[in-house]
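As the structure lists them, so they are numbered: ligands from 1, and atoms in each ligand from 1. Computed over heavy atoms, backbone and side chain alike; hydrogens, waters and symmetry mates excluded.
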Amino acid sequence: MRAFARLLLSVAVALTSAEASAQSDTVFIYSPGEHDGLHIAVKKSSGWRHLGQLCSSDYGPWGSEKRMYNPSLCRADDGSWRLVFQVNDHSPVFAAAYSPDLVTWRPQDYPRMSVGQCQDPVVRPAEDGFNIYFHSEEGIRMTHASSDFRTFTPDFPMPIYDLPLWRCDVATIGGQRMEGHQFVLSADEMGKIRNHFDRQAAEARLSAERMHDDAQTLAWLQEPVAATLTVDLAREKPISDKLIGIFFEDISYAADGGLYAELIQNRDFEYSSRDRREWSATTAWHSAGDIIIADTNPLSPQNPHHAIVSTDTLWNEGWDGIALQQGGHYDFSMFVRGKKCFRIELRASDGTTIAQATLKAKGKGWRRYEAVLTPTRADSSAQLVIIPLDKRQAAIDMVSLFPQATFKGRKNGLRKDLAETIAALHPKFVRFPGGCMSHGQGLDNIYRWHETIGPLWERKPDKNIWHYHQTRGLGFYEYFLFCEDIGAEPLPVLAAGVPCQNSAANAEGIAGQQGGIPMDEMAAYIDELCHLIEWANADPATNVWARRRAEAGHPEPFHLKYLGIGNEDIISTVFEERYEMIARALRERHPEIKLCGTVGPFHAPSADYQEGWDFIARHPDLQYMTDEHYYESTGWFLHHRDYYDKYKGAAPCKVYLGEWAASTKARRPNVETALAEALYLTDIERNGDVVEMTSYAPMLCKEGHHNWDPNMIYFTNTSVRTTPAYEVQRLFSVYSGDRYVSSELRVHGVADADLSHRVGASLVRDSKTGRRCLKLVNALPVELRVDVGGVQLPAIVECEQFNGAAIDDQQGRAEVIKTDTPTILPPYSIRVIEF
Ligand code: AHR
C-alpha cells in the first residue's frame, strides 16, 4: 500500500549518501525559536553540532503566525515518533504530528480541547497509545491519543502537578543555550537523517541553477551544440487530449475589476471592513455631503445595504477609473425605491460630460431602471455621476454600468479583450473559482456555489481571501457559460469540508482548518455538491436545481464531467475524514462524475504530498485524478525533468498539475521561466498517460493589485499584456495531440558537461486529423543543431518560433517563421513544427 509513497520519495534527486557512522549517536532535538520549527543536533567530542531542521509548524495564517513553542517528543515501541507542541498562548488546540523516522512527517493535526489554552503540551507513551498533558487556564489537563495519533479523547483535569513530565534537557548549540530533549539514535537511523540533509543540500544547489547566470557559468560554451533526435513512428501511446487548460481564480482583481466586465465598483454598497479594514459601504462612492447608507427594507436579504439619496450628487470612481470608448454603448441600470428623477452622466477625467440620460423612478417598492449611455469621446478614467433632479428621498442599489461589447456579446458578461486573450489559448478545460478562494478564509468563507447563481441582487457577496470583495456577479452560471463559449470542459473545484489551512482564527480562537465543517453539517454540505451536478446536468422538467439553470437561460445541460474536491489542503485527519465522506457519497450518487482530489500544496517529498498519495493508495476508488501544486525555481524544473517518469505504472490515479509556474527573483515571467516551463511540458507530454491535465497559475493579475507573482497575463483597464509564460501555454495547447510518438533526444560531446537538462523535444499526433507537432526547446545560450532521424520533415517549413535571446526579457512572443533549417534552433528558443 505504501509502495507508491516510497517510490515518490525517490522522486527527489538520488545522491550518494554520506557515510553513516557505525555507532549510535546522541542527538538533541529542540526548537531554536518560535518561527524556526524543530531542529536536530548531534553530540561530538567538541560539543553539539547542528544538523538541520526536521519540520516546522503549519498552524494558522501564512508567515509569522506559524509558530512552534515547547515541542515535546517521544518514541513508540516500534521506534516511530510522536511530537506535540504549543501553537500560541490562547487557542484551545495543540499541534500533534507523527513521524516514522524524524525525516518524514505526517501532516499535523490540531486536536480541539475544551479549554482556552493548551500550553506546554507533553507527550508520553501509555497503554493503547499516548497521553498528552498540558497547562491551561483551568490547571493541568490531559488527553489520551490513539496509537496512530489521529484520535484524541476529550480532555480532563489531572489533579497532580507532575513536575518531571515538564523536565527537559539543555544544550549549548552555536553558543546559544537551548532547551530540548536528548535521544540516542542507532547508526541506521542517523544514516537516514544524514542522507536526508545531504539530499536537501544537493537539491538546493541544483535548484539554484539560473539561465540568467549562463554568461558566467557557461562562458566556456561558445560553439553550437549538436543533438540527435531518433523518432520511432511505429511506437505511439495514447495521451490525454486535455493537457493544457486554465486556472481561474479571483486573485489580484481577476474577477471584479478584471474579467467580469462590470464598470462600477461596490455597485451594491456591500463593501465592508470584513473585506478590508479601511473599507465600508461607501467605498468607491463620493458625494459633496455624507453618503447615507441604510439596510431596512432591502432589495434582498443577501444585499441589505443601499444608499439614500435626496439632493446630493453621488459619483462612482469605478475600478481605477472607468475606461470608455467613443461611440461604445453602455448599459446603465439601477434599482430605486421611491419616486424621484435623476440625471445619469458619464464624466471624462477633465470633468466634461460625455454621455447622459434621465431616469424617472415611479415610486413605491424596488424597481429596476435602465438607460443606454453612448460616450461622445473616449476616456480612460471617467466617472459615473448620479444627479438627483428633485428633493425627494429615494433609495438606490445595484448601480451598474456594463459595456454592450462583452465577450460574445453576453449580458452580465466578460471583458472582451481579456476573454479573447484567454480564448486564444484554446484551453481544454477551465478550473474555477480558485485556488485558496475556493476553500476560503475560515469556515464561514468557504465558497458555496449556489450562493453565486440567480438574479444578481440575490447572490451572496462575500469577502475574498485575497483581501478584497467578491460580488459573485461572475458566478457559477457565468463560469459555465464561459467554458461553453470557448469549448472547454468545466472543472469546478469546491472545498473538501475544510477551509484554507492558512485561515485566521475564528471567534473560538481556532485558526487553519478550524476543525472542518462540523460532522453534523456534512450531510447538508454533500447535498450542496450533489445539487451542483444536478444544476449543471439534470433535466429542468424533473429537477428543481436544473430548473434554476433553465430559468437563467440555459435549459440544455452543461455536461459537467469533472469535479474537484479540495484545494491543496493539508492532508490532516480532519481533511481525510471529510474528503472520504464526500467522495463516497458522490461515487454512489453520481458515479458518472470524475472526481479530483488533492495532495496538498507542494511536490515530493513534502508531508502533505506523501500523506495525500498514501491516502489515495488506501482509497484508489475515491478519485479519478488528484491535484498537485508546485511553484518552483527554474533550476528545480530543469533538474526534475523525470518527475512523472517515476509515476509510470505506480500511480493509483491520474495527475492534474493544477497550479504550477517557474519563477526567478525577477518574479514576473520572463524568457528563462518560459524555457524551463516549455522543457517541463515536453516531459509532461511524454507522461501524458499519467498526467491528465495541467494549468499554469495564477492566470490574471491587474496591475497595481498584485496578490501574487508570477502571473500569465497582466492587465490594466485599457491594456492586456501577455507574458512569455502565456506563449508557452499557447504553443503547447494549440499544437497538442492525443498520441505521443516515441522519440529519444541525445546531446553530443560537449566536453564532460551534461547539458541534456537544457534541451527538450516532444512529438505528438492528433489521431483525428493525423497532424503531427514536433516541439523543440533549446534553453542553451548557443545554437542547438538537431539531427532528426526516423521521420522526414519537410525541407522548408513554416513554424512558430519563440526566440528569447534576451533571457530576462518579460515580453517574448512567438512568431511565424519560414525556414529551411527547422531543426537548427537559435539560443534560448522554442520551435513548433507541424507536419
Ligand atoms: O495561485 C495562487 C494561490 O496559490 C492559490 O490560491 C493557492 O491554491 C496556491 O497557494
Can you tell whether the side chains of K66 and D58 come within less than 4.0 Å, N to carboxylate O? yes
Distance to 0.1 Å, residue and atom name: give those for the protein heavy atom nearest to atom 9 (C) of ligand 1. E659 OE1, 3.0 Å
Between ligand 1 and G434, can you find any atom pair, the residue atom being a heavy atom, that is separated by under 4.0 Å? no
At under 4.0 Å between heavy atoms, what of W466 touches ligand 1? The answer is side chain
Please work out, at 4.0 Å between heavy atoms, whether the side chain, the backbone, both, or neither of E249 comes within that distance of ligand 1. side chain
I'd like to check the salt bridge (charged side-chain N to carboxylate O under 4.0 Å, His left out) partners of E484; sequence neighbours left out, ordered by chain and number. none
Close-contact set for ligand 1 against G435 heavy atoms, below 4.0 Å: 5 (C), 6 (O), 8 (O)
Ring pair (Phe, Tyr, Trp, His ring centres under 6.0 Å), that's the test. Do F637 and Y680 meet it? Break it down for me. CA-CA 7 Å; F637 284 103; Y680 204 65; 4.8 Å; yes
What atoms in ligand 1 come closer than 4.0 Å to a heavy atom of P698? 1 (O), 2 (C)
Got a sec, which residues hit side chain to side chain donor-acceptor pair (under 3.5 Å) with Q729, two or more places apart in sequence or on another chain? none
Which heavy atom of N567 sits nearest to which heavy atom of H439, and what is that distance? O-CE1, 2.8 Å
Given H640, which of E632, H603, E203 fulfils the side-chain hydrogen bond (donor to acceptor under 3.5 Å, both in side chains) condition? E203
Any chance CZ of R274 has more than 12 other-residue heavy atoms, nucleotides or ligands included, within less than 6.0 Å? yes
Is there any N or O on A697 that sits under 3.5 Å from an N or O of ligand 1? no
Return the residue, atom name and 0.1 Å-rounded distance of the protein heavy atom closest to atom 10 (O) of ligand 1. E568 OE2, 2.6 Å
Here the atoms of ligand 1 under 4.0 Å from any heavy atom belonging to N567 are 8 (O)
heavy-atom search around atom 1 (O) of ligand 1 in the protein gives Y631 OH, 2.7 Å
